[in-house]
Every structure is written in C-alpha cells, then in structure tokens.
Amino acid sequence: MVFRRINQAAFLMGGVCVASFLCRRSYVVMMPTLCPKSGCRGGISMSLSLCCGVFGHSCSHWKNNFRLGNIMRLNGGSLESGVEHINSVRSESNMEQVRNRMLEDGMDALIVPTDDPHMSEYVAPYFSRREFVSGFTGSAGTAVITRTAAALFTDGRYHSQAERELSAEWTLMRSGLEKVPTVQDWLAESLPRGSVVGLDPQVHAAEPAQRMQRRLEECGLSLKMLGPGEHPVDRVWGAARPPLPAGPVRQHPISHAGKTARAKLEEVRALMGARGAGHLLLTALDEVAWLLNLRGSDVACNPVSLCFAVLGLDSLHLFMDGGKLSAGVALQLQEDAGEALSVRPYLHIEEFLRALGPSRVWVDGRTASLALFLAVPEERRLEQRSPVVLLKACKNEGELAGMRACHLRDGAAVAECLAGLEEDLARGLGGDEAGLDRRVTACRALLSPPGSPGAFLEPSFPTIAGVAANGAVIHYRAPEEGSASLGPQDLVLLDSGGQYLDGTTDVTRTFHTGEPSPRQKEMFTRVLKGHMALDRAVFPAGTPGCLLDSLARTALWEVGLNYPHGTGHGVGAALNVHEGPQRISPLPDSQPLLPGMVVSNEPGFYEPGAFGIRIENLLEVVQEDRLDTFQGRGFLGFRRLTHIPIQKKLLQRDLLTHTELAWLDSYHKQVWDRVGPLLKTDRARRWLRDATDPLL
C-alpha cells in the first residue's frame with residue numbers, strides 16, 4: 001500500500017535545523033546549518049521544535065431475508081428504504097471496460113480479491129487489481145463483478161471507508177454482519193445455473209478457493225481458471241500497470257534475528273523429516289524472510305521481498321529475481337544454505353513444482369495459491385500448516401530484546417511529537433491530520449536515525465490520524481491535501497507505528513486538545529477499563545485468544561455497546577505488523593497463545609459522525625513463574641512493550657476502581673522511568689512528567 005511522503009519535515013535541534021525527507025523506501029536525514037523552510041527565523045533553537053508552517057497549517061437478486069441495513073447501494077446522497085447512498089468518488093470506466101472483456105471471454109462474473117500470490121495483507125501496486133477496478137483502497141476486501149451488478153465485500157474495519165470510496169454502481173456488502181451473504185452465496189443467488197465465474201488461481205488461497213468451487217458447483221455454476229494474460233483487469237490496465245517491484249534485499253543482523261539462518265533451516269528440516277516431507281513450499285513473504293534472515297523493500301510498510309522458497313532436506317531453491325541480491329547478501333545466504341542453493345526466476349515457481357521429483361511436498365493450503373497447490377499432485381501433497389508459522393510467531397530472546405528496545409525509542413518519539421503538538425496548539429498552529437502523520441513519522445526518524453543499530457526505516461502501516469468524526473472511521477487515511485485541522489476542542493485518534501532494524505511497533509492513543517465532553521470521557525474510560533482487564537489477564541497455558549476477547553468488551557457490553565473489530569492481532573519482529581496465527585478475537589480459534597508471541601491490545605469505541613476512541617499497546621506473552629502449575633498446566637500473562645502515556649483528562653474517575661487507578665499509576669511510572677532518559681528536549685521531559693504524574 002502506498003503511504004504518504006514527508007515533504008520537508010523540518011526540525012530545530014541543538015542549534016541546527018534537521019530536515020527529514022521520506023522517500024518511498026528510505027529516510028534521508030539532512031542537517032544544514034539554516035532551515036530551508038521559508039518563514040523559519042534564523043534556524044537556531046536549543047530545543048527540538050517544529051519549524052514554522054512545516055506540518056500543514058498550511059439489487060433484485062436478494063433473498064427477502066437479506067437485511068438492507070447491512071447491504072449498501074451507493075448512489076447520490078440520500079437515504080432510501082434503509083439503504084444509504086453517497087456521492088460517487090471514482091469514474092466507472094475501469095469497471096465497464098473490465099465487464100466488456102468478461103463478456104468477450106464468456107464470463108458471467110469475475111472475482112477480484114485483494115491478495116497477491118503470497119496472500120499478503122498489503123500488496124505491491126502491481127497486484128492492486130481490486131483497487132484499480134473499484135477505487136476502494138482498504139487492505140481487505142473482494143470485488144465481484146457480474147453482467148449487471150458489482151459488489152464489494154469487506155469487514156467492519158473498512159465499512160465507513162468503503163462508503164466514502166466506492167462509486168454509484170457498487171453495492172457495499174458489510175461482511176461479518178447479520179444476514180450478509182458470502183461471496184459464493186451472493187453469486188449463487190445472483191447468477192442462473194450454467195453461469196461461468198472467472199478467477200485467477202494465482203491470487204486465491206487454495207483452501208477457501210476449493211470451498212468456493214464446491215459451493216458454486218452445487219448451484220450449477222462453474223469456475224474458469226484464468227491463465228497469464230487472460231485476466232480482464234490486466235487487459236484493461238495494459239501498459240499503465242505498475243511493474244513488479246525489484247527492491248534490494250538486505251541481511252537481517254544476527255543480533256536482532258537471534259538465530260542464524262543455518263540454525264533455522266536445520267530446525268525446519270527436522271520437522272519436515274518427522275512428517276515424512278521431502279520438500280516444503282513456502283509462499284508467505286514473511287515466512288521466507290524470517291527463515292533466511294532476509295529483509296526486503298518490495299511492499300510498502302512491510303520489510304519483505306517478492307519471492308517463493310522450496311526447501312529440501314539437502315537443498316534450497318529461492319525464486320527471486322537475482323538482481324535483488326547483492327554480492328554480500330548472496331554470499332551469506334550461500335554460507336547458510338550450503339552448496340545446494342539455487343536462485344531461480346520469480347515466475348518459474350509453478351513450472352518447478354510440476355517438474356519436482358517423487359518426494360512428498362509440504363504445502364499450506366491456507367497461504368499457498370490454488371495454482372501452486374494444484375501444481376503438486378494430490379498423492380504427493382502433505383497438507384498442513386507451515387512449520388515456519390509458529391517458529392516465527394514465538395520470538396526468541398534476540399528478537400524480543402530488539403522489540404523491547406525499539407518500543408522504548410518509539411515511546412520517546414511519540415512523546416516528542418505530542419509535546420511539540422501541544423505547544424503548537426497553544427499557539428494556534430496545530431496543523432492538520434496529514435501534518436500529524438508527517439510529524440510523528442519524522443520524530444521516529446530523528447529518535448532512531450540512519451546508521452544507528454535500531455534505525456527507523458519506514459512506518460509499519462499507513463498512519464491513521466483522525467480528528468473528530470474521522471476518528472470513527474476505523475482505518476481512516478487522511479488526504480495529503482485538505483485533511484481536517486486540529487482545533488482547540490477536538491478528540492483525536494492517532495494509530496501509528498514504525499519499522500525499525502530491531503523491531504516493529506504499533507500504538508494507538510486517543511487524546512483531546514481541549515476539554516472532553518462527559519460522553520467522550522465515559523466512552524474513553526470504558527475502553528480503558530477493557531484495555532486494562534486484558535492487560536492484567538492471567539490464564540492457563542493452552543488458552544486461545546478468543547477466550548480472552550470478552551475481557552476487553554465487558555465494560556462496553558454493560559451499557560449495550562461494542563466495537564466491530566478484533567481486540568488483538570499478532571505482530572512480527574522487524575517484520576509484518578500483522579502476523580498469525582495468534583489473535584484475540586470473538587471469532588472461534590483453537591490456536592493457544594504461547595510464550596514469546598506478541599499481540600496487540602486495542603479495544604475501541606466508534607460513534608459515527610462524532611468521534612472514535614481506541615487505546616492500543618503491544619503485549620509480550622510470558623510465563624507466570626510466580627504461580628504453581630495446576631493439573632500439570634502452568635499459567636501465562638502479558639508484559640507490556642508499549643511505553644506511551646494515556647491521557648488522564650479523558651478519564652471519568654468514578655468509573656474506575658482503586659485497582660484500575662493503581663494500574664494506570666504503575667504503568668505511567670514505568671513510562672517515565674524507561675522513556676524519560678531517552679528524550680531529547682526539555683519540552684518533552686516536562687510534557688512526559690505531567691502526563692505520568694500519579695492519580696493516587
């Protein structure tokens with residue numbers, strides 16, 4: 001996903017102006033003697049402060065039981081019969097051209113998912129077919145086009161965003177809500193028997209694609225597997241389609257990886273031997289990156305490179321364009337993998353699998369594409385979850401050390417950001433949402449500069465900075481031009497994070513620039529109560545995250561409220577900000593939380609048209625050694641990684657127990673003790689001291 005660029009984030013620090021520029025893949029910090037930003041008077045200051053003006057003061061097919069309140073037809077700007085309409089925000093020319101290509105090729109429907117061949121959450125622009133045809137930019141969703149209709153299916157995180165971005169011809173399907181159909185059920189109801197549905201087997205995961213195929217065939221529909229050059233979207237896109245990314249690959253230092261690639265390969269090969277597998281197919285980008293201690297630059301906000309790997313008991317085949325590997329990285333990879341390493345073109349993976357010898361091939365049908373899954377004959381397929389998934393999720397001590405360290409620096413960066421913002425707001429110079437994004441990103445770059453052992457590389461996801469009603473859009477993205485201003489009486493939701501050499505961060509804080517209303521205080525306090533309840537949880541080993549989810553919702557449930565997303569996701573170590581298999585969600589899940597996993601704790605509340613609240617920390621799952629085992633099972637708990645204050649003036653204190661107030665004081669003492677020494681300016685130290693003063 002493309003993220004915004006910093007255009008001249010100028011700072012004054014220790015008598016010189018520090019201007020930070022963010023390009024697509026890297027940060028360059030320049031330190032001229034005078035500020036290049038017009039309007040800066042002299043460029044001399046002894047504190048870390050913002051230069052003047054830098055941050056932008058500057059359908060008939062429905063069964064009767066489908067509930068229209070959860071299915072939205074987008075057209076115009078009014079409400080009719082419980083179906084909301086909004087203004088068109090994108091031309092329909094792309095979709096109409098795609099529909100014409102479908103008809104030429106005998107297709108009655110076309111499924112266009114978000115995914116790339118690796119089932120990535122965030123995809124390179126080359127794979128952004130769904131965005132091209134629909135205009136919807138969220139990181140999750142599936143577009144379905146028939147001869148007479150078009151529907152976009154997406155989950156609760158993106159309903160508000162999709163309402164804004166989809167044009168008149170699209171119907172928004174609010175996946176996850178009551179009586180909203182699945183893609184296959186919608187197609188089964190929308191199409192007559194004998195219809196043909198097109199899909200690209202390269203970008204559909206095998207297991208869900210096969211379930212869909214069975215459902216459609218039950219209804220008399222057939223799937224047409226589209227080969228290279230046959231996809232209607234690609235034919236319309238033509239020469240304007242972005243190229244495949246070719247960013248360089250770097251070695252992830254052993255000091256942060258915690259294990260050599262050779263040791264990881266040996267561990268995985270032992271698991272392969274125990275299952276009788278001669279080869280393992282790895283398709284998820286972060287799995288290959290973790291296993292080989294490689295990091296890339298092909299996907300914005302995710303330090304991964306487009307590649308596949310096939311690991312044998314005595315061989316390693318890496319499918320990656322060779323130009324990405326420098327001589328030094330290639331040499332280290334050769335030393336780790338041994339003489340049996342081969343580097344092959346990225347697009348040759350399916351051909352290689354079809355020609356592979358008689359050994360059993362371990363394939364994960366949840367992440368491998370249908371095309372690669374079918375390239376391995378069924379009799380030779382070992383269909384199980386990839387062994388790399390849990391090895392990667394349970395961080396080793398080196399990885400955890402890096403995660404702990406980068407979160408402290410990240411806390412200092414956010415403190416510097418919010419301290420500067422508070423000062424500027426007092427002068428009427430709060431800027432806008434896009435400016436807040438640039439501000440927090442630049443502070444991270446300055447607190448962890450290039451060349452340092454834990455250098456900041458890029459945001460870990462596109463920053464969500466929402467003022468007032470925009471905060472209620474769960475994955476809101478402020479426009480670079482014309483975003484909402486931060487005024488003296490605004491509730492602001494800031495969800496941001498960083499990719500560092502030594503770790504990955506993700507934090508959300510909600511703060512008020514003036515005096516919050518009683519309603520805002522109550523909702524904030526109830527969200528905080530849920531956050532604290534999960535943070536303090538102690539649970540038997542073997543407990544899945546779904547059994548903890550209600551802890552974070554109870555204070556809202558008590559007054560008939562809830563939030564439309566999971567409470568926690570897994571986080572990679574200097575890798576993807578969203579990883580599995582761990583999660584904390586109301587969705588049934590058998591995966592237990594295990595020591596070394598990192599998860600987020602982010603309950604929220606969203607009042608459409610008014611405000612949004614979310615409080616997010618990252619947590620490390622730890623063994624509770626102070627407790628005895630019970631019937632042979634030990635107990636687990638959480639250790640906080642995030643160290644950033646929670647705004648006290650948003651509290652409704654009579655809703656909090658003494659234990660909860662003491663929790664907040666204890667947390668704030670940790671923040672002061674650990675982050676205070678890392679701050680660069682007196683202003684930030686004063687701000688943090690005030691923000692962490694005890695309540696009891």
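Counting begins at 1 with the first residue of the sequence. Computed from a predicted structure; not experimentally measured.
The distance from atom SG of Cys546 to atom CD of Gln591, rounded to the nearest 0.5 Å, is 10.5 Å. Between the OG1 atom of Thr543 and the CZ atom of Phe635 there is a distance of 8.5 Å, given to the nearest 0.5 Å. To the nearest 0.5 Å, atoms CG (Asp506) and OG (Ser496) are separated by 8.0 Å. Atom NZ of Lys264 is separated from atom CG of Asn396 by 7.0 Å, given to the nearest 0.5 angstrom. To the nearest 0.5 Å, atom CZ of residue Arg404 and atom CD of residue Glu397 are 4.5 Å apart. Rounded to the nearest 0.5 Å, atoms CG (Asp690) and CD (Glu422) are 7.0 Å apart.
Summarising the local packing, CD of Glu481 is surrounded by 12 or fewer heavy atoms from other residues, nucleotides or ligands at distances under 6.0 Å. Around atom NZ of Lys649, more than 12 heavy atoms belonging to other residues, nucleotides or ligands sit under 6.0 Å away.
Salt-bridge check for Glu399 with Lys392: failed, with every basic side-chain N at 4.0 Å or more from each acidic carboxylate O. By the 4.0 Å N-to-carboxylate-O rule, Glu660 lies close enough to Lys529 to be salt-bridged with it. A salt bridge links Arg526 to Glu558: at least one charged side-chain nitrogen sits closer than 4.0 Å to a carboxylate oxygen.
Pairing each heavy atom of Thr692 with each of Pro645, the nearest pair is CG2-CG, 4.0 Å. Scanning both residues, Asp298 and Ser305, for their nearest heavy atoms gives OD2-OG, 3.3 Å. The shortest heavy-atom contact between Cys406 and Thr505 is SG-CG2, 3.7 Å. The two atoms that bring Trp687 and Ala419 nearest to each other are CB-CB, 3.6 Å, heavy atoms only. The heavy-atom pair separating Leu619 from Arg640 by the smallest distance is CD2-CG, 3.8 Å. Closest approach of Leu636 and Glu624 over heavy atoms only: C-CG, 3.5 Å.
Between Phe638 and Val622, every side-chain heavy-atom pair lies at or beyond the 4.5 Å cut-off. At a threshold of 4.5 Å between non-hydrogen side-chain atoms, the residues Gln251 and Arg295 do not count as touching. Proximity of Leu594 to Val621: side-chain heavy atoms (C-beta onward) are nowhere separated by under 4.5 Å. Val492 has its side chain within reach of Thr513: a pair of non-hydrogen atoms, C-beta onward, lies under 4.5 Å apart. For the pair Glu416 and Leu679, the minimum side-chain heavy-atom distance is below 4.5 Å. Annotation: side chain of Leu655 is not in contact with side chain of Phe524 (no heavy-atom distance under 4.5 Å). Put simply, the side chain of Ile646 reaches to within 4.5 Å of the side chain of Leu664, judged on heavy atoms. In this structure, the side chains of Ile584 and Asn601 stay at 4.5 Å or more apart for every pair of heavy atoms.
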Please lay out, stage by stage, how His569 and Glu602 fare under the test side chain to side chain contact (heavy atoms under 4.5 Å, CB included).
CA-CA 9 Å; His569 58 83; Glu602 48 182 313; 2.9 Å; yes

Residues Leu528, Met532; criterion side chain to side chain contact (heavy atoms under 4.5 Å, CB included); working and verdict:
CA-CA 6 Å; Leu528 179 58; Met532 290 188 291; 3.9 Å; yes

Between Asp665 and Lys669, does a salt bridge (charged side-chain N to carboxylate O under 4.0 Å, His left out) hold up when you go through it step by step?
CA-CA 6 Å; Asp665 281 351; Lys669 185 178 187 305; over 6 Å; no

Quick one: do Tyr476 and Asp495 satisfy side chain to side chain contact (heavy atoms under 4.5 Å, CB included)? Show the steps, please.
CA-CA 10 Å; Tyr476 173 74; Asp495 187 348; over 6 Å; no

Trace of the side chain to side chain contact (heavy atoms under 4.5 Å, CB included) decision for Leu447 with Lys680
CA-CA 8 Å; Leu447 268 291; Lys680 302 295 185 182; 3.8 Å; yes

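A donor-acceptor distance shorter than 3.5 angstrom exists from the side chain of Glu458 to the backbone of Cys301, with no hydrogens or angles considered. Distance alone, capped at 3.5 Å, is enough to place a donor-acceptor pair between the Thr554 side chain and the Ser550 backbone. Glu433 places a side-chain N or O within 3.5 Å of a backbone atom of Ala484 that can act as its donor or acceptor partner. Checked by atom type and distance alone, the side chain of His407 pairs as donor or acceptor with a backbone atom of Met403 at under 3.5 Å. At distances below 3.5 Å, not a single donor-acceptor pair connects side-chain atoms of Thr504 with backbone N or O atoms of Val577. Using modelled atom types, one side-chain atom of His643 and one backbone atom of Leu641 make a donor-acceptor pair closer than 3.5 Å. A donor-acceptor pair under 3.5 Å links the side-chain atoms of Gln489 to the main chain of Glu515, judged by distance alone. Without hydrogens or angle criteria, Ser139 side chain to Glu121 main chain gives no donor-acceptor distance under 3.5 Å. Between the side chain of His256 and the backbone N or O of Pro453, at least one donor-acceptor pair lies under 3.5 Å. Using a distance-only test at 3.5 Å, with no hydrogens or angles considered, no donor-acceptor pair links the side chain of Arg444 to the main chain of Pro459.
Under the 6.0 Å distance and 45° angle rule, Arg409 counts as a cation-pi partner of Tyr500.
Aromatic pair His565/Tyr606: centroids less than 6.0 angstrom apart.
Neither side chain, Arg477 nor Asn470, offers a donor N or O lying under 3.5 Å from an acceptor on the other. Side chains of Glu616 and Thr508: a donor on one and an acceptor on the other come within 3.5 Å.
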